[in-house]
Amino acid sequence: MVFYTCGPNEAMVVSGFCRSPPVMVAGGRVFVLPCVQQIQRISLNTLTLNVKSEKVYTRHGVPISVTGIAQVKIQGQNKEMLAAACQMFLGKTENEVTQISLETLEGHQRAIMAHMTVEEIYKDRQKFSEQVFKVASSDLVNMGISVVSYTLKDIHDDQDYLHSLGKARTAQVQKDARIGEARAKRDAGIKEAQAMQEKVSSQYVNEIEMAKAQRDFELKKAVYDAEVNSRKAESDLAFQLQVAKTKQKIEEQKVQVQVVERAQQILLQDQEINRREKELEAKVKKPADAERYRLEKLAEAERMKLVTEAEAEAEAIRVKGEARAYAIEVKARADAEQMAKKAEAFQEYQDAAIVDMLLEKLPEVAEAISKPMTRVRKIKMVSSGGSEVGAAKITGEMLDILSRLPETVEKLTGININQTGNKKPGRMS
């Protein structure tokens, strides 16, 4: 007894003694009695078939060539199909089994092509493949072979029929594509315009809402700011009013003090004037010198008094009218006394006093006459031929101007300096 095994891609068939019907084992083991029993093997491998049908006339008489790819195999799991395959192919090689299956499939493929149009085969390859698969499977099953798959690989013809169909279809497709593209662009433009319109509308609505919110905010802020500014202004005005009142009180107190001080100063000035007048009267040695000395002192006292009174008057005018009136009264009285004393002095000394005053001013007059000459940078002299020229000429003209002063004084005052000069009273030593 011999023990045999086989892989899953083959089957063993044992026949002979005690093996009726024969025993078929697919992918397993078996014991065989030599000489009385026989063992055979059959392949269960999948076979790939390249099914070509050249120049087959379709239903409308158009010759085309079709190539299909089929996968077939002997079914080892079904005992009936395995028994049928053993009856038909046991003892044959794989190539022989492949050729039988190929011819069978090609015949069915030709039959299906003859019952269909080129357009049906070209446009609906799935339908063609399913029909070939269905018809071929029913026939090959009886031989113990199952069709695993069938696919249409290629369709072509020698008359450019398919090419013409492709052109028409291509043109139609291009037409449809252009129409579809135009429609798509139109729809896209419409949708884009609608979207833009919605966007702009939304934007305007948002801007309106924002403007309303901004308006409400500005109105409320203006109300709040007005209330705050009003309260602040009231507070500032109250503070400024209080400060002004305080300053006014301080200024009034200062003015009162200044008025009292100015009054005291005026009183002191009056006392000082009286004291100086008495001192002048006590110290006079000569009437003319004493009077001149007294007039000078009175003028100086008057200047100081006027300055003091002017300051007191400025302060009194600003805050008190009474101080101003008092100052004016004092000033008027002092002016009257001064003018009376000046009148008395001029009445007593008459021409001599006037001449004395004029002589004291003559140097200043001479200086004023000659002063413009000191500013002259360049002088051009023109001579007629009979007079002096140069510096002597200028000096002579200046002396001539000075010599005419007595005449000018006599014309203005009626006093002849040359006649009254000898009557001039003596000066104080």
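Numbers for residues simply follow the sequence, beginning at 1.
- M116 and T58 get closest at one heavy-atom pair: O-CB, 3.3 Å.
- Defined by atom type and a distance below 3.5 Å, a donor-acceptor pair is missing between the side-chain atoms of E130 and Y150.
- M210 is not listed as a side-chain neighbour of Q214, based on a closest heavy-atom distance of 4.5 Å or more.
- For the residue pair N45 and S43, a side-chain donor N or O sits within less than 3.5 Å of a side-chain acceptor on the partner.
- When the side-chain contact (heavy atoms from CB on, under 4.5 Å) test is applied to T98, the partners found at least two apart in sequence or on another chain are L47, L49.
- Using a 3.5 Å distance cut-off with no hydrogens or angles, the side chains of T48 and Q71 do pair a donor with an acceptor.
- At least one donor-acceptor pair closer than 3.5 Å links the side chain of T104 to the backbone N or O of I100.
- By the side-chain contact (heavy atoms from CB on, under 4.5 Å) test, K232 pairs with D236, sequence neighbours left out.
- The two residues A84 and G144 come nearest to each other via the heavy atoms CB-N, 4.1 Å.
- A salt bridge is absent between K247 and E251: the closest approach of a Lys/Arg side-chain nitrogen to an acidic carboxylate oxygen does not fall below 4.0 angstrom.
- A donor atom on one side chain and an acceptor atom on the other are not found under 3.5 Å apart for E261 and Q265.
- By the 4.0 Å N-to-carboxylate-O rule, K221 lies too far from E218 to be salt-bridged with it.
- Using modelled atom types, one finds a donor on one side chain and an acceptor on the other under 3.5 Å when comparing S53 with Q109.
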